[in-house]
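Residue numbers run from 1 in the order of the sequence given. Basis for what follows: all heavy atoms, side chains included, without hydrogens, waters or symmetry-related copies.
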Amino acid sequence: MIHLCLLLALLQVLVTTNGSPVHEHKRPDADEATLSLAESSEGLRRRKREWVIPPIRIPENDRGPFPKQIAKIMSSFDKEAKMVYSLSGEGADQDPKGLFTINNNTGRLDVTRALDREAKDKYVLQVHSIAADGEDREEPMEIIVEVIDMNDNTPVFAQSPFLGSVPEASAIGLEFMTVTATDEDDPNTDNADVRYSILSQSPQEPDPAMFTINPVTGVIRVNSTGLDREKYPEYTLELAAGDMQGDGRVGNGTAVITVTDRNDHAPQFEQTSYTVSVPEHKVGAVVVKLPVTDQDDPQSPAWTAKFRIVNDTGGFFKASTGPNKQEGIITTAKPLDFEQTSQYTLLVVVENDVVFGKPLPTSTATVTVDVLDVDEAAVTEECSAPLIPSR
């Protein structure tokens with residue numbers, strides 16, 4: 001038969017962080033603190049009501065002094081015989097050993113050092129009560145010790161810096177990246193409830209608040225117009241993540257945002273009018289080279305130029321892009337005949353490999369090609385001269 005009383009003589013515990021009280025445990029009333037089980041002809045019967053022994057709750061990081069009493073165990077046989085108390089379970093005879101101890105004679109249950117909720121948030125112990133003569137009169141009693149979370153961890157950003165990109169000329173409200181921070185405190189408390197904010201932006205042009213952040217989700221979005229890669233290709237944001245919904249411990253991080261090219265500049269011919277000459281009958285002859293400039297990101301598809309002739313209905317010429325991607329090369333695609341056409345006027349348009357990000361006027365160049373007459377009789381006479389074998 002079990003005859004065991006648990007007197008939770010909990011001491012008032014006042015824990016402070018930075019000098020401010022955080023948790024207070026008051027001594028329970030006597031009726032609530034004492035569990036008495038009596039024997040009858042019908043077996044065990046509780047005197048007042050069904051009892052469920054509540055967990056003993058201890059704040060982490062308690063400053064002591066240690067050992068510190070957290071409860072007192074009393075057997076109902078204590079007045080009839082000398083009882084010897086012992087403790088087993090997590091933190092007693094199991095790792096971490098010696099964290100909880102019990103006085104063999106008085107039943108005083110102590111914690112010997114500060115607890116760390118992030119290391120372990122609950123301990124399950126067994127209290128044993130045996131008469132001094134060795135008689136095991138009672139079943140062990142289970143006691144659960146729960147560690148109360150204190151706000152002892154600062155939010156930490158998942159990476160620093162966070163790297164993101166946003167197209168230039170993006171509209172207000174565009175969401176383009178997310179930052180995250182974690183807090184090792186109890187996720188069910190405000191101690192781990194993180195809020196995000198932007199502390200500073202560099203550069204601050206054209207608006208010191210080009211971006212805004214969702215305080216709960218960490219999503220960063222465009223907050224102002226004027227993103228221009230050619231003027232401000234990169235922004236650095238200094239970020240903060242504060243627990244206690246932003247009013248507690250604060251961790252810092254960085255986001256680096258690259259403004260990507262959107263092809264918002266059309267390539268421009270350096271010269272818009274050319275007059276050149278080319279001999280007739282030659283195929284593949286270089287007619288003219290047309291250099292251009294483009295303010296978009298070099299070597300990107302928004303910068304690479306491509307050329308086309310809009311009025312060459314006969315297909316006598318070919319437009320291609322030079323090796324440096326910023327030069328058009330016009331060559332002859334068919335033999336030209338001075339007697340048929342002595343002059344051509346070509347209208348050449350320059351564009352990019354990708355479409356413009358917004359409506360832009362295209363640049364054009366006019367090429368006047370004079371076909372040079374070749375003395376066809378001299379060529380024919382030269383070609384028909386007899387070959388003189390060498391000796």
Give a yes or no answer on whether the side chain of Gln126 reaches the backbone of Ser86 with a donor-acceptor pair at less than 3.5 Å. no
By ring pair (Phe, Tyr, Trp, His ring centres under 6.0 Å) - contacts of Phe316 (at least two apart): Tyr344
Side chain Glu234, main chain Thr258, donor-acceptor under 3.5 Å: no
Side-chain (Thr332) to main-chain (Lys334) donor-acceptor, under 3.5 angstrom: no
Would you say Arg113 and Leu99 make side-chain contact, with heavy atoms under 4.5 Å? yes
Between Lys82 and Asn105, is there a side-chain donor-acceptor contact under 3.5 Å, judged purely by atom types and distance? yes
Quick check: are there more than 12 heavy atoms from other residues, nucleotides or ligands sitting under 6.0 Å from NZ of Lys282? no
Report yes if the side chains of Leu372 and Val278 come closer than 4.5 Å at any heavy-atom pair, otherwise no. no
Hey, are Asn223 and Thr212 close enough side-chain-wise for a donor-acceptor pair under 3.5 Å? no
Scanning both residues in full, the closest heavy-atom pair of Gln204 with Gln201 reads CG-O, 3.2 Å
After noting the C-alpha distance and the side-chain angles of Val350 and Thr362, does the key distance pass the side-chain contact (heavy atoms from CB on, under 4.5 Å) rule? CA-CA 7 Å; Val350 60; Thr362 55; over 6 Å; no
Roughly how far, to the nearest 0.5 Å, is the CG atom of Asp186 from the CD atom of Glu118? 8.5 Å
Listed by chain and number, what are the ring pair (Phe, Tyr, Trp, His ring centres under 6.0 Å) partners of Phe66, not counting sequence neighbours? none
Closest approach of Pro361 and Ala266, non-hydrogen atoms and distance? O-CB, 3.6 Å
Apply the test side-chain contact (heavy atoms from CB on, under 4.5 Å) to residues Leu227 and Met210: give CA-CA distance (whole Å), side-chain angles for both, the deciding distance (0.1 Å), then the verdict. CA-CA 8 Å; Leu227 286 171; Met210 291 297 296; 3.6 Å; yes
Do Thr225 and Ile172 pass the side-chain contact (heavy atoms from CB on, under 4.5 Å) test, and can you show the C-alpha distance, the side-chain angles, and the key distance before you say yes or no? CA-CA 6 Å; Thr225 59; Ile172 293 175; 4.0 Å; yes
Shared hydrophobic cluster, Val292 / Ile329 (ILVMFWY, side-chain heavy atoms < 4.5 Å): no
CG (Leu290) and OG1 (Thr364) are apart, to the nearest 0.5 Å, by 11.0 Å
4.5 Å side-chain heavy-atom contact, Trp303 and Gln295: no
Would a hydrophobic clustering, with Ile, Leu, Val, Met, Phe, Trp and Tyr connected at side-chain separations under 4.5 Å, put Val371 with Val276? yes
Separation between CD1 of Ile73 and OG of Ser129, rounded to the nearest 0.5 Å: 9.5 Å
For the pair Ser277 and Asp370, evaluate side chain to side chain donor-acceptor pair (under 3.5 Å) and give the outcome as yes or no after the intermediate values. CA-CA 4 Å; Ser277 58; Asp370 291 325; over 6 Å; no
Strictly distance-based, threshold 3.5 Å: is any side-chain N or O of Asn104 a donor or acceptor partner for the main-chain N or O of Tyr85? yes
Side-chain heavy atoms nearer than 4.5 Å, only ILVMFWY residues, links allowed to pass through others: does that put Phe157 and Met177 together? yes
Residues Arg108 and Pro67: closest non-hydrogen pair is NH2-O, 3.8 Å
Say whether Phe176 and Ile198 are linked into one hydrophobic cluster, either directly or through other cluster members, by side-chain heavy-atom distances under 4.5 angstrom. yes
Say whether Val124 and Val111 are linked into one hydrophobic cluster, either directly or through other cluster members, by side-chain heavy-atom distances under 4.5 angstrom. no
Side-chain donor or acceptor of Asn263 paired with backbone N/O of Val355 under 3.5 Å: yes
Shortest non-hydrogen contact from Pro206 to Gly226? CG-O, 3.6 Å
For the side chain of Lys325 and the backbone of Pro298, is there at least one donor-acceptor N/O pair under 3.5 Å apart? no
Run the ring pair (Phe, Tyr, Trp, His ring centres under 6.0 Å) test against Tyr274 and tell me which residues pass, sequence neighbours left out. none
Going by atom types alone, do Asn153 and Asp185 pair a side-chain donor with an acceptor below 3.5 Å? yes
Across all chains, not counting sequence neighbours, the ring pair (Phe, Tyr, Trp, His ring centres under 6.0 Å) partners of Tyr123 are Phe100
Pick from Arg57, Lys122, Arg117: which one makes a salt bridge (Lys or Arg N to Asp or Glu O under 4.0 Å) with Asp149? Arg117
CD on Glu80 to OG on Ser75, rounded to 0.5 Å: 8.5 Å
Is there a donor-acceptor pair closer than 3.5 Å between any side-chain N or O of Thr366 and the backbone N or O of Leu346? no
Hey, could you give me each pair passing ring-ring contact (aromatic ring centres under 6.0 Å, His included) that has a residue in residues 236-262? Not counting sequence neighbours. none
Does any non-hydrogen side-chain atom of Val259 lie less than 4.5 Å from one of Pro233? no
To the nearest 0.5 angstrom, please state how far the OH atom of Tyr232 sits from the CG atom of Asp207. 11.0 Å
Expected output: side-chain Glu280 to main-chain Asp373 donor-acceptor under 3.5 Å: no
For the backbone of Val194 and the side chain of Asp243, can you confirm whether one donor and one acceptor N or O come within less than 3.5 Å of each other? no
side-chain contact (heavy atoms from CB on, under 4.5 Å) for Ile130 and Met83? Distances and angles first, verdict last. CA-CA 6 Å; Ile130 302 176; Met83 305 301 295; 5.7 Å; no
Might you point out which heavy atoms bring Asp264 and Glu168 nearest each other, and give the distance in Å? OD1-OE2, 2.9 Å
Leu237 vs Ile257 side-chain heavy atoms within contact, under 4.5 Å: yes
Taking all non-hydrogen atoms of both residues, which atom of Phe356 and which atom of Pro267 are closest, and how far apart? CE2-CD, 4.1 Å
Asp353: what forms a side-chain hydrogen bond (donor to acceptor under 3.5 Å, both in side chains) with it, not counting sequence neighbours? none
What I'd like to find out is whether the side chain of Tyr196 reaches to under 4.5 Å of the side chain of Thr217, using heavy atoms alone. no
With no hydrogens and no angle check, do the side chains of Asn61 and Asp116 hold a donor and an acceptor under 3.5 Å apart? no
Run the salt-bridge test on Glu90 and Lys120 with the 4.0 Å N-O cut-off and return the result as yes or no. yes
Measure the CD-CD distance between Gln299 and Gln326 for me, rounded to the nearest 0.5 Å. 8.0 Å
Could you check whether any side-chain heavy atom of Ile148 comes within less than 4.5 Å of a side-chain heavy atom of Glu60, counting everything from C-beta outward? no
Heavy-atom check, side chain of Asp294 versus side chain of Asn352, under 4.5 Å: yes
Hey, are Gln69 and Asp110 close enough side-chain-wise for a donor-acceptor pair under 3.5 Å? no
Does any N or O in the side chain of Asp297 come within less than 3.5 Å of the main-chain N or O of Ser300, such that one atom is a donor and the other an acceptor? no
